[in-house]
J.: 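One structure follows; several queries about it will come next.
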Amino acid sequence: MASSSLFSTYPLQGSVSAPKTIKCYGEFLPYFSSHFAQSPASTPRSRVSFNVKSINWEQSGRLLPRNRFQCQALDVDSKPSILDGNKFQLDDVIEAQQFDRDILSAIFEVTREMEKIEKNSPGSQILKGFLMATLFYEPSTRTRLSFESAMKRLGGEVLTTENAREFSSAAKGETLEDTIRTVEGYSDIIVMRHFESGAARRAAATASIPVINAGDGPGQHPTQALLDVYTIEREVGKLDGIKVGLVGDLANGRTVRSLAYLLSRYHDVKIYFVSPEVVKMKDDIKDFLTSKGVEWEESDDLMEVASKCDVVYQTRIQRERFGERSDLYEEARGKYIVDGAIMGVMQKHAVVMHPLPRLDEITVDVDADPRAAYFRQAKNGLYIRMALLKLLLVGW
């Protein structure tokens, strides 16, 4: 390939002390792709974006010349934005700790746009030509269907395995890694639910396409946490300074673990843990919250906690996590129930949330109360997942 000259300016993405633009001069050489990544949205060959990790940045604001490219950072008036460029910051969605406050705010902005698309433009073609594979090794209704609906509403297609644990080659002994290597050959993104904590991380390490964790055993459920925080903001009107009661199976509940991680991103949040003794919140979450300066308290009095909270987040006792210890399950179930009496002590602006499905931990009569937000919460899952699919596949 013949070389040609290039002179352009580029936004510098990453953490810098002041707004900067990179001005570079260099040559197009056959091996330039190892230092620059062609933007998928860019048609002109002269538009390239830097891999900042491969560039040596000095405190003086200059870039050292490397590999025949001479660069200098220039001050510009515009303030750098998380939305600069078109590539999403994350390659996969595996755990709640991946999201900082700025990314959360930006994702929620995209989510609001997805609401408009769902309501007004049912024929959206944003993801036309993309295929999503859903691998669910555990039962799911809302998560699987909302992901599939999200993909289709944006013009994409779906390849689905509803019970991969029983009706896939996993039943023949195929490893998760081999399954992922095979499925990525058929699709552009994988959404996976698995019965083992850490399985999503293994899948992401194996795959060359994006992987979304749709729940990994008692580990995490990051997309549920995203829709939960989005719902809290919409229902309560704020995320700083709120009090949240996490109720039910806190030891096995991946949703409450992920939610606790995300709530730690906000200021002056207090979390109450209300659960039977056998399913108390594990120490790793409590230690994490303490390390982040988040106030938390354990209580056995749901009525008192409900009277103080902006959000009562109820969860079911998960029978499937108890194995053969049915005695422990029976000891835990039915101890904390949100009913009319609990609703009677809650503040007028407060809401009840639940990741669903529910059994008897929220009585049916509560559904008629406008503070019962759990079905609105489930609908928000569609919008959040539309946003994530769009961001991971085509960017901002």
Side-chain angles (χ1 to χ4, degrees), residues 90 92-101 103-104 137-138 143 176 192-205 211-229 232 239-240 242-300 302 305 309 311-323 325 328-329 331-333 335-336 353-355 361:
L90 306 177
D92 310 281
V93 173
I94 304 301
E95 60 185 12
Q97 298 96 304
Q98 292 175 271
F99 301 93
D100 62 26
R101 184 169 177 144
I103 293 180
L104 288 170
Y137 292 82
E138 284 191 324
T143 302
L176 174 63
M192 189 183 78
R193 169 168 291 183
H194 203 276
F195 50 88
E196 291 182 357
S197 180
R201 186 180 296 279
R202 288 167 52 199
V211 173
I212 298 178
N213 180 7
D216 59 342
Q220 285 210 42
H221 196 346
T223 69
Q224 178 70 46
L226 287 170
L227 75 91
D228 290 340
V229 174
I232 292 171
L239 289 166
D240 292 318
I242 61 173
K243 295 180 180 179
V244 179
L246 303 182
V247 186
D249 191 342
L250 306 186
N252 301 305
R254 56 196 173 206
T255 62
V256 290
R257 292 175 59 82
S258 293
L259 179 55
Y261 281 123
L262 289 193
L263 289 175
S264 72
R265 300 298 190 185
Y266 298 94
H267 304 305
D268 301 320
V269 171
K270 181 169 183 177
I271 301 176
Y272 295 89
F273 300 127
V274 183
S275 67
E277 187 67 26
V278 295
V279 286
K280 292 176 64 175
M281 180 59 80
K282 294 179 180 177
D283 288 341
D284 65 324
I285 295 294
K286 292 185 283 190
D287 291 344
F288 174 83
L289 293 174
T290 299
S291 73
K292 298 297 182 182
V294 179
E295 186 179 359
W296 59 268
E297 178 182 326
E298 291 184 309
S299 174
D300 59 5
L302 176 57
V305 168
C309 285
V311 178
V312 173
Y313 191 98
Q314 176 70 294
T315 65
R316 70 182 175 91
I317 305 299
Q318 300 184 40
R319 184 170 191 166
E320 65 271 25
R321 308 296 180 200
F322 285 83
R325 294 301 306 271
L328 294 179
Y329 170 72
E331 178 185 336
R333 71 180 293 243
K335 185 168 184 180
Y336 295 109
M353 295 173 59
H354 193 304
E361 63 275 359

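Values in this document were obtained by computation on a predicted structure and should not be read as measured data.
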J.: Charged N to carboxylate O below 4.0 Å: is that the case for Asp240 and Arg101?
T.: yes
J.: My understanding is that only one of Val256, Asn252, Val279, Leu259 makes a side chain to side chain contact (heavy atoms under 4.5 Å, CB included) with Thr315; could you say which?
T.: Val256
J.: Quick one: salt bridge (Lys or Arg N to Asp or Glu O under 4.0 Å) partners of Lys286, sequence neighbours excluded?
T.: Asp283, Glu298
J.: May I have all residue pairs that pass ring-ring contact (aromatic ring centres under 6.0 Å, His included) and include part of residues 253-283, sequence neighbours excluded?
T.: Tyr261-Phe288, Phe273-Trp296
J.: For Ser291 and Asp287, run side-chain contact (heavy atoms from CB on, under 4.5 Å): C-alpha distance rounded to whole Å, both residues' side-chain angles, the deciding distance at 0.1 Å, then the answer.
T.: CA-CA 6 Å; Ser291 73; Asp287 291 344; over 6 Å; no
J.: Can you sort out the partners of Lys270 under salt bridge (Lys or Arg N to Asp or Glu O under 4.0 Å), two or more places apart, ordered by chain and number?
T.: Glu295, Glu297
J.: List the steps and the verdict of side-chain contact (heavy atoms from CB on, under 4.5 Å) for Asp300 and Val274.
T.: CA-CA 6 Å; Asp300 59 5; Val274 183; over 6 Å; no
J.: Can you list everything that forms a salt bridge (Lys or Arg N to Asp or Glu O under 4.0 Å) with Arg193? Sequence neighbours excluded, please.
T.: none
J.: The criterion is side-chain contact (heavy atoms from CB on, under 4.5 Å); which residues satisfy it with Ala199, sequence neighbours excluded?
T.: Leu176, Met192, His194, Glu196
J.: I'd like to know whether Val211 forms a side-chain contact (heavy atoms from CB on, under 4.5 Å) with Asn213, so could you lay out the CA-CA distance, the side-chain angles of the two residues, the decisive distance to 0.1 Å, and finally the verdict.
T.: CA-CA 7 Å; Val211 173; Asn213 180 7; over 6 Å; no
J.: Going by side chain to side chain donor-acceptor pair (under 3.5 Å), name the residues that satisfy it together with Thr223, two or more places apart in sequence or in a different chain.
T.: Arg385
J.: Ion pair present between Arg201 and Asp216, side-chain N to carboxylate O less than 4.0 angstrom?
T.: no
J.: Quick one: do the Thr255 and Gln224 side chains pair a donor with an acceptor below 3.5 Å?
T.: no
J.: Run Arg265 and Leu104 through side-chain contact (heavy atoms from CB on, under 4.5 Å) and show every step you take.
T.: CA-CA 9 Å; Arg265 300 298 190 185; Leu104 288 170; 4.2 Å; yes
J.: For a 4.5 angstrom cut-off between non-hydrogen side-chain atoms, does Glu95 reach Pro222?
T.: no
